[in-house]
Q: 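To start, I am sharing the structure in question, which I have written as structure tokens.
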Amino acid sequence: MRVHIIGGGNLGVSIALGLSKFSPENQVTITRRNTSSILYLEKLGATVSTNNIHQIQEADVIILTIKPYQVDVVLDEILPVISNKIIASAVSGLSIENLQKKIGDLNSAVRIMPNIAAQFGASATCIAFHEKDKEKAQDVVSLFQSLGTAPIIDEKLMDAATVLAASGTAFALRYIRASMQAGIEIGFDWQTALAISAQTVKGAAEMLLEEKVHPEQLIDRVTTPQGCTIAGLNEMEMHGFSSSLIRGIKTSLKQIKG
Ligand SMILES: NC(=O)c1ccc[n+]([C@@H]2O[C@H](COP(=O)([O-])OP(=O)(O)OC[C@H]3O[C@@H](n4cnc5c(N)ncnc54)[C@H](OP(=O)(O)O)[C@@H]3O)[C@@H](O)[C@H]2O)c1
């Protein structure tokens, strides 16, 4: 496929990097107004341009990774030269209905919510589309399946997906940072504490994804009666470990919904 990414910032670049590594058969064009910081992508096979309509007619999928306030300017530029295109938008808060109104019936609107782990083929990209675009959206689904998992969700859960899958990256990193800080306090240098904390989280996540069980089932395997793990877990819960995370996620969701 020819993939045209408009908005070569944090997310756009992570998608371009992920595609170059995990599905190099796709041809990627990526644009932004100031390309100096992303020219290195050319060495990985992507075309980098300041021109949003450069080779856009040949694109199979156009991905929007721009900020909400940049959407109208970009669409004004590209719409006169495209038709029958799939436009996959990662723009938070932009509904399929509103995007479809903007792009007209000749193009298909798909909503995606990836995260920056796309760069490592490890994004959880939630995808939503209207029934009429089901077939065309499969291209987007398979593209993002090559960059991790790509669950199809009901659009009404897209804000929740933004919090769980995109903001969730920051939440998980904050857990790792806290674990690392504790690691330093109990004797490790920060590099070793970071390596152990990050790998432990990766291992826990891999077990869950592989075994498809509830986390408590795995926790049960780690918690010996009267042991150190259950003592630590109970102390954390006493100080609001789970409830602070749940409250944080719900606050992020409230913030999105405005
Ligand atoms: N970051 C994430 O983890 C994440 C996850 C899911 C969804 N999202 C959503 O994805 C969107 C992008 O987020 P981001 O974090 O990647 O933002 P970002 O780093 O600011 O990237 C946006 C990019 O768009 C470029 N841009 C602005 N106007 C443009 C134009 N007219 N034509 C072409 N490129 C233009 C900007 O570069 P120039 O100024 O050089 O043009 C910038 O590099 C947002 O809507 C965000 O909500 C982000």
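Nothing here was measured: the structure is a model prediction, and the numbers come from that model. Note that ligands are numbered from 1 as they come in the structure, with each ligand's atoms numbered from 1 the same way. Below, all heavy atoms of this structure are taken into account, side chains as well, without hydrogens, waters or symmetry copies.
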Q: What I want to check is whether the side chains of Lys132 and Gln100 have a donor and an acceptor closer together than 3.5 Å.
A: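 Gln100 and Lys132 do have a side-chain donor-acceptor pair below 3.5 Å.
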Q: Please say whether more than 12 non-hydrogen atoms of neighbouring residues, nucleotides or ligands are located less than 6.0 Å from CD in Glu210.
A: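 Open: at most 12 neighbouring heavy atoms sit under 6.0 Å from CD of Glu210.
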Q: With sequence neighbours left out, what residues match Arg221 under salt bridge (Lys or Arg N to Asp or Glu O under 4.0 Å)?
A: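 For Arg221, the residues satisfying salt bridge (Lys or Arg N to Asp or Glu O under 4.0 Å) (neighbours in sequence not counted) are Glu211.
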Q: Who clusters with Val73? Use side-chain heavy atoms, under 4.5 angstrom, across I, L, V, M, F, W and Y, and order the result by chain and number.
A: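 Answer for Val73: none, a lone residue.
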Q: Tell me, please, which residues at least two apart from Asp154 pass salt bridge (Lys or Arg N to Asp or Glu O under 4.0 Å).
A: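 Result, salt bridge (Lys or Arg N to Asp or Glu O under 4.0 Å) vs Asp154: Lys156.
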Q: Between Asp159 and Lys257, is there a salt bridge with N-O shorter than 4.0 Å?
A: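 So Lys257 pairs with Asp159 through a salt bridge.
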Q: Pick out the protein N or O atoms lying less than 3.5 Å from any N or O of ligand 1, and list each pair with its distance.
A:
unit_1	atom_1	unit_2	atom_2	d
ligand 1	16 (O)	Asn10	N	3.2
ligand 1	16 (O)	Leu11	N	2.8
ligand 1	19 (O)	Asn10	N	3.0
ligand 1	19 (O)	Asn10	ND2	3.1
ligand 1	20 (O)	Lys67	NZ	3.1
ligand 1	28 (N)	Arg33	NE	3.4
ligand 1	28 (N)	Arg33	NH2	3.3
ligand 1	32 (N)	Asn52	ND2	2.9
ligand 1	37 (O)	Arg32	NE	3.2
ligand 1	37 (O)	Arg32	NH2	3.4
ligand 1	39 (O)	Arg33	NH2	2.8
ligand 1	40 (O)	Arg32	NE	2.9
ligand 1	40 (O)	Arg32	NH2	3.2
ligand 1	40 (O)	Arg33	N	3.4
ligand 1	40 (O)	Asn34	N	3.0
ligand 1	41 (O)	Arg33	N	2.7
ligand 1	41 (O)	Arg33	NE	2.8
ligand 1	43 (O)	Gly9	N	3.3
ligand 1	43 (O)	Arg32	NH1	3.4
ligand 1	45 (O)	Ile66	O	2.8
ligand 1	47 (O)	Ser92	OG	2.3

